[in-house]
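Report on the following structure.
Residue numbering restarts at 1 for every chain, and letters A, B, ... go by the order of the sequence lines.
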There are 2 protein chains.
Amino acid sequence: MKTKDRILDAAIKLFNEQGTSAVSTNHIAEAAGISPGNLYYHFGNKEEIIREIFERLFHVWDVSFDLPRDRIPTLEDIQGVVRTNFEIIRQYRFAYREILALLRQDSVLHDRYITIRQRGYEGFREMIPILVTLGTLRGPIDSETAVRLADLIWLISEFWLSEVEVEGQIIDDYQMQRGIELMMEVLKPYIPPPDE
Amino acid sequence: MKTKDRILDAAIKLFNEQGTSAVSTNHIAEAAGISPGNLYYHFGNKEEIIREIFERLFHVWDVSFDLPRDRIPTLEDIQGVVRTNFEIIRQYRFAYREILALLRQDSVLHDRYITIRQRGYEGFREMIPILVTLGTLRGPIDSETAVRLADLIWLISEFWLSEVEVEGQIIDDYQMQRGIELMMEVLKPYIPPPDE
DNA sequence: GTCTATATCGCGATAGAC
DNA sequence: GTCTATCGCGATATAGAC
């Protein structure tokens, strides 16, 4: 499995730097230090490489989106989730930049993506009511509002760094912090006053 | 100028349907009902076609983003601006889907885009304080908060429909309405109570 | 598993007639 | 302005030796 991983690592790097369409299988092979023929021994084509990279991404999603279960989550925990997501986005930058184009070009990937994403989104949506119940957020929040708040935070998590790039800025800690602050702005009306 | 426009129309249609990288100059020529050679008479290459399409887009931006100046703008006016933007996005769908990839591949377009966008963004950012002054929004809103609110609304305007597509949904009036509601959710704490 | 060599294809782009 | 014909290139993908 060593070569396969080298190919995937090289592909991610090149895709992030130049975009998927500018990067050929030959480029990837060269960057991975192997021959073009060898690449085709491990992957049927470029599409398959992209699919594998997305499987990696799905895996990272899976292991990094949970709030703590052993104690009551704080606002800092919520910020941590978003921050972690920003880091993931930075690593798999190309996937987020090109997501819509990639999904249109590969219906298998499309279906798989929708399924995985849907699962994450549904879990995420329940978060607001849970946080209200636990007292981390101040209620009452009616269910439509809760969904809108979740949608807003999800939108920020998923697209804020794209916004930064469209602005022509480099993604760095400062910009991530700006994203966090946007999320806090959304939650502001529901943040409990500090108690003594 | 007739053929040039036919080429651009055909290109927009194909780009929206299949993405820029899947569409060759040959495809565009065929869809426009002309020969490949003729296409190259009008445009140096595909990049140039994309640039022209963006110029069209910039023009549409210019003429459609203003709030009324002859009367005090209402919340409905603000919604109207976002809605208009959604319609533009629908028409130039591919440009928004692929924006980051396109800007990386063409530094001339990149610089031009940043300039134009910056201009629009700066005007937009002033909107919140103005709306407070006019009484359409309820103050006081400190300047950092005003910037965050503007950033949030801008983010929604620019990326909500992408979110919808990533969800696997079709862009329609209902989804646009959802976007408007997200914006209203952001503004909710600053909406004046209805006066009698 | 990995390499070299190569077949095939389609794209971008140009030349030159009309 | 528009066409047909065509060239050169690079990308994908396969064959077959090691």
Looking only at D:dT4, D:dT14, C:dT2, the nucleotide nearest the A:H42 side chain is C:dT2

Which residues satisfy the ring-ring contact (aromatic ring centres under 6.0 Å, His included) test with B:F159, sequence neighbours excluded?
A:F159

Quick one: label A:N26 by what it contacts on the DNA or RNA (base, sugar-phosphate, nothing), any heavy atom closer than 4.0 Å.
base

Among C:dT2, D:dT12, C:dG12, the nucleotide that comes nearest once only the side chain of A:N38 is considered:
C:dT2

Salt-bridge present (A:R104, B:E17; N to O < 4.0 Å):
no

Of the options D:dT4, D:dT2, C:dT4, whose atoms approach the side-chain atoms of B:T3 most closely?
D:dT2

Separation of D:dT4 atom P from B:L39 atom CG, nearest Å, is 14 Å

For D:dT12, take OP1 and OP2 only and decide whether either is under 4.0 Å from a side-chain N or O of A:T25.
yes

Using whole Å, report how far CZ of B:F43 lies from C1' of C:dT14.
18 Å

Kindly state whether the ring of A:W61 and the ring of A:Y113 have centres lying under 6.0 angstrom apart.
yes

B:I49 has an atom CD1; how far is it from atom P of C:dC11, in whole Å?
14 Å

As a test of reading the structure: which of C:dC3, D:dT12, C:dC11 is closest to the side chain of A:K46, going by heavy atoms?
D:dT12

Below 4.0 angstrom, N of the basic side chain to O of the carboxylate: do B:D77 and B:R83 qualify?
no

Of the candidates C:dA13, C:dT4, D:dT12, the side chain of A:P36 sits closest to C:dT4

Salt bridge or not between A:E158 and A:R117? Use side-chain N to carboxylate O under 4.0 Å.
yes

For the pair made of CG in B:N45 and C1' in C:dG12, what is the distance, rounded to whole Å?
9 Å

Check the phosphate of C:dC11 against B:H27, side-chain N and O only, distance under 4.0 Å to OP1 or OP2. Yes or no?
yes

Closest to the side chain of B:S24, out of D:dT12, C:dT2, C:dG12, is C:dG12

Using whole Å, what does the distance between atom P of nucleotide D:dG10 and atom CD of A:Q18 come to?
15 Å

Distance check needed: C:dA17 C1' versus B:Y41 OH, whole Å only.
16 Å

Mind calculating the distance between OH (A:Y40) and P (D:dA15) to the nearest angstrom?
14 Å

Calculate the interatomic distance between B:K4 atom NZ and D:dT2 atom P; express it in whole Å.
12 Å

